[in-house]
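I have placed the structure first, in the form of structure tokens, so that the comments after it can refer back to it.
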Number of protein chains: 2
Amino acid sequence: MPSDPLSSTLAALAHPTRRAILARLAAGAATVKELSTPFRMSAPAVSRHLRVLEGAGLITRSREGQWRPCRLEAAPLREVCAWTDEFRPFWNRDSEPLDTWLQHLRKKATA
Amino acid sequence: MPSDPLSSTLAALAHPTRRAILARLAAGAATVKELSTPFRMSAPAVSRHLRVLEGAGLITRSREGQWRPCRLEAAPLREVCAWTDEFRPFWNRDSEPLDTWLQHLRKKATA
DNA sequence: CCATTATTTAGCCATGTCGTTAATTAACGA
DNA sequence: TCGTTAATTAACGACATGGCTAAATAATGG
């Protein structure tokens with residue numbers, strides 16, 4: 001499993017539950033209990049999702065008495081957006097025409 | 001494993017080799033062979049990465065004689081950027097102050 | 001000290017990933 | 001038809017994910 005920062009971030013986001021957790025945390029910090037209830041998921045399951053998010057630097061957790069409030073850390077999302085942004089010129093256009101591929105072949109032939 | 005479109009896209013992107021393949025395809029279509037050489041990876045390995053990318057709708061493949069040229073399909077990246085964009089207000093600010101959490105506790109106490 | 005609440009850890013199981021090599025299928029071209 | 005090249009599939013191994021329940025760890029508050 002790749003462990004570079006961007007890969008960790010993307011892998012963490014590649015699960016609907018974890019994205020929903022981040023969306024929830026955008027509205028304010030929350031405890032594990034508060035998160036597990038709406039997602040109809042056991043506390044251990046949520047705890048593990050949180051560990052993944054923490055590993056990706058997408059949340060931080062602190063100790064507040066017996067609670068472990070989670071807070072959103074959205075900075076890694078900037079890198080994700082920056083990466084996709086590189087492809088912005090391609091978002092709206094169809095895949096390149098067949099011509100390009102044929103030119104490519106022709107170039108190899110002459111080489 | 002989640003199979004919704006956004007999760008598929010993010011999972012496909014969560015591997016440096018696959019991101020590098022997309023970056024390469026931005027410069028034009030390429031065959032499996034052309035992709036496997038620079039990545040010092042066996043053709044089967046690349047073939048499977050391509051399958052993942054295809055499953056996420058990030059590339060399309062056609063048959064051109066004995067070659068299977070891959071072309072970039074960047075549309076799904078738009079959705080990724082759109083999702084992260086929702087968090088743009090949080091990108092540059094520190095995690096919410098502790099105050100918010102304390103208010104949160106106080107609210108529960110009075111409720 | 002004991003009961004309660006919050007959270008994590010430990011097992012379990014099924015399934016997916018990611019690389020390899022070896023074998024198979026598809027198409028070309030003399 | 002035969003040999004070559006391109007690409008996929010099959011099979012393997014090591015390991016991660018994602019859910020569960022049950023048990024262990026913290027901290028609170030009588």
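A, B, ... follow the sequence lines: proteins, then strands. Residue 1 opens every chain.
Following rounding to the nearest Å, B:Leu53 (CG) and C:dT17 (P) show an atom-to-atom distance of 12 Å. Remark: P of D:dT9 and CD of B:Glu54 are 10 Å apart, rounded to the nearest angstrom. Following rounding to the nearest Å, B:Leu50 (CG) and D:dA7 (C1') show an atom-to-atom distance of 10 Å. Counting to the nearest Å, the P atom of D:dT8 and the CG atom of B:Leu35 are 10 Å from each other. Atom P of nucleotide C:dT8 and atom CH2 of A:Trp67 are separated by 14 Å, given to the nearest angstrom. B:Met41 places its CE atom 16 Å from the C1' atom of D:dA7, with the value rounded to the nearest Å. In this structure, A:Glu64 atom CD and C:dT5 atom C1' are separated by 16 Å, rounded to whole Å.
Contact of the B:Arg71 side chain with the B:Ser62 side chain is registered, since non-hydrogen atoms from C-beta on lie closer than 4.5 Å. Looking at B:Leu13 and A:Val80, their side chains never come closer than 4.5 Å, going by heavy atoms from C-beta outward. Side-chain atoms of B:Phe87 and A:Leu72, non-hydrogen and from C-beta on, do get closer than 4.5 Å to each other.
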Starting at the 5' end of nucleotides 23-30 of chain D, put B wherever the base has a protein heavy atom under 4.0 Å, S where only the sugar-phosphate does, and a dash everywhere else.
---SSS--
Residues 37-44 of chain B, side-chain donor-acceptor partners within the protein, below 3.5 Å, at least two apart:
from    : atom 1 : to      : atom 2 : distance (Å)
B:Thr37 : OG1    : B:Lys33 : O      : 3.0
B:Ser42 : OG     : B:Ala45 : N      : 3.4

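Taking the side chain of B:Lys33 as heavy atoms from C-beta on, and the options D:dA7, C:dT20, C:dT7, the nearest nucleotide is D:dA7.
Among the atoms of the strands shown, base atoms are found under 4.0 Å from some heavy atom of B:Arg48.
Partners of B:Ser7 by side-chain hydrogen bond (donor to acceptor under 3.5 Å, both in side chains), not counting sequence neighbours, listed by chain and number: A:Arg19, B:Asp4.
Close to D:dG19, at under 4.0 Å from its OP1 or OP2, lies a side-chain N or O of A:His49. The phosphate of C:dT7 has neither OP1 nor OP2 within less than 4.0 Å of any side-chain N or O from A:Arg51. Distances shorter than 4.0 Å separate none of the side-chain N or O atoms of A:Ser47 from OP1 or OP2 on C:dT7. In terms of phosphate contacts, B:Thr31 brings no side-chain nitrogen or oxygen within less than 4.0 Å of OP1 or OP2 of D:dA6.
In this structure, CG on B:Leu35 lies 11.0 Å from NE2 on B:His49, to the nearest 0.5 angstrom.
Less than 4.0 Å separates DNA chain C from at least one heavy atom of each of the following residues of residues 8-18 of chain B: B:His15, B:Arg18.
As the counterpart of C:dA30, D:dT1 is assigned, both hydrogen-bonding distances of the Watson-Crick or G-U wobble pattern falling under 3.5 Å.
Of all heavy-atom pairs spanning A:Arg24 and A:Ala29, the tightest one is NH2-O, 3.8 Å.
For residues 51-62 of chain A, the pairs satisfying salt bridge (charged side-chain N to carboxylate O under 4.0 Å, His left out) are A:Glu54-A:Arg61, with sequence neighbours left out. Sequence neighbours left out, the pairs with a member in residues 74-91 of chain A that pass salt bridge (charged side-chain N to carboxylate O under 4.0 Å, His left out) are A:Asp85-A:Arg88.
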